[in-house]
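Here's the structure we're looking at; comments come further down.
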Amino acid sequence: MQKSATNSNQTRISWSGKVSRLTRLREGGPGRPAWLLGLAAAAAGLGLWGRSMLEAQGMNSPGPAFILLSLLWLVFLLVWVLIKAGLRDTQVTFCISDKGVAIEPSESQKHLDRRIRVLTRLVFFSTLKGGQWAAWHPFTPWNQVNKIDVNQEKGEILIRGGPWNVRLICREENFARVLDMLRQYRPQAFAGSN
């Protein structure tokens, strides 16, 4: 489904598509598998270290605290991946407008974001980090776009800048048109890219 705009603030082109479940944090996902496995290994290592300290030095050592921290870390990772990858709806609408580039989440994703608002606020206040902790609705205004990477083989265009990186997954029939529109709005962002 593609649209053209008559008003300067409306969407110039949009199309439906799917995003990957395990995308990078700056793209709204839980992170890449290697990064997640590294975090899980670090948490397990902390637990094993705590266990060895507990066996060697007893209950008065920092071992029990390390084991508890390890368990909390692993539970957090499990919940994080469940929410960001397992429950996440991968159906989206990619949009280019006169204001910028966006990925519009599906209605079921918006509903999920509303339901877990309390959890995301708790995470925000405990980590003091926004962006990827907020409801997932990536938008990058044109004045914040600093680099555009094009992967013609996969039909993907990655727009970098702002709080989110927006990865447009194009169809074969609209790839050239989308690329032309991006070049019209932000030609300087293509410097050094293929």
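Considering I13, I157, V19, N174 in turn, V19 is the only one that fulfils the side chain to side chain contact (heavy atoms under 4.5 Å, CB included) rule with F94.
Annotation: Q57, atom CD; neighbour count of heavy atoms from other residues, nucleotides and ligands within 6.0 Å is above 12. Annotation for E55: atom CD counts as buried by contact number, over 12 foreign heavy atoms lying within 6.0 Å. W73 CH2: more than 12 foreign heavy atoms inside a 6.0 Å radius. Annotation: D180, atom CG; neighbour count of heavy atoms from other residues, nucleotides and ligands within 6.0 Å is above 12.
Proximity of M53 to P62: side-chain heavy atoms (C-beta onward) are separated by under 4.5 Å at one or more points. The shortest side-chain heavy-atom distance between V101 and W142 falls under the 4.5 Å cut-off. Using a 4.5 Å heavy-atom cutoff, the side chains of C95 and R12 are not in contact. The shortest side-chain heavy-atom distance between V178 and W15 falls under the 4.5 Å cut-off. For the pair L22 and L36, the minimum side-chain heavy-atom distance is below 4.5 Å. R21 places a side-chain heavy atom less than 4.5 Å from the side chain of T90. At least one side-chain heavy atom of F175 sits less than 4.5 Å from a side-chain heavy atom of Q152. In this structure the side chain of L182 reaches within 4.5 angstrom of the side chain of F190, judged on heavy atoms.
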Subject >> Intermediate values then yes/no, side-chain contact (heavy atoms from CB on, under 4.5 Å), L158 and E156 >> reply: CA-CA 7 Å; L158 179 63; E156 294 181 358; over 6 Å; no
Original post:
How far apart are the C-alpha atoms of S16 and R171, what are their side-chain angles, what is the distance that settles it, and do they pass the side chain to side chain donor-acceptor pair (under 3.5 Å) test?
Top reply: CA-CA 9 Å; S16 60; R171 297 178 180 163; 2.9 Å; yes
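Contact between I67 and G47 at its shortest, heavy atoms only, is CG1-O, 3.7 Å. Between Q91 and S106, the shortest heavy-atom contact is O-CB, 3.4 Å. Taking all atoms of both residues into account, the shortest heavy-atom contact from P64 to L54 is CG-CD1, 3.7 Å. Residues L77 and A40 approach most closely at CD1-N, 3.6 Å, considering heavy atoms. Residue R167 comes nearest to I103 through the heavy atom pair O-CD1, 3.7 Å, listed as atom of the first residue, atom of the second, then distance.
Remark: the backbone N or O of P30 is not paired with any side-chain donor or acceptor of R24 at under 3.5 angstrom. Under a 3.5 Å cut-off, the side chain of T140 and the backbone N or O of N165 do not form any donor-acceptor pair. When atom types are taken as modelled, the side chain of Q109 and the backbone of D89 share a donor-acceptor pair closer than 3.5 angstrom.
Under a hydrophobic-cluster definition in which Ile, Leu, Val, Met, Phe, Trp and Tyr are linked whenever side-chain heavy atoms come within less than 4.5 Å, directly or via other members, M59 and L69 are assigned to different clusters. Both F66 and F76 belong to a common hydrophobic cluster when Ile, Leu, Val, Met, Phe, Trp and Tyr are linked at side-chain heavy-atom distances under 4.5 angstrom. Under the 4.5 Å side-chain heavy-atom criterion for grouping Ile, Leu, Val, Met, Phe, Trp and Tyr, L74 is not connected to L37 through any hydrophobic cluster. Under the 4.5 Å side-chain contact rule for hydrophobic residues, I148 and Y185 share a cluster. Note: the hydrophobic cluster containing L168 does not contain F139 (ILVMFWY, side chain heavy atoms under 4.5 Å, direct or indirect links).
One finds the CE atom of M181 at 16.0 Å from the CZ atom of R186 (value rounded to the nearest 0.5 Å).
The ring-ring contact (aromatic ring centres under 6.0 Å, His included) search around W35 returns none, not counting sequence neighbours.
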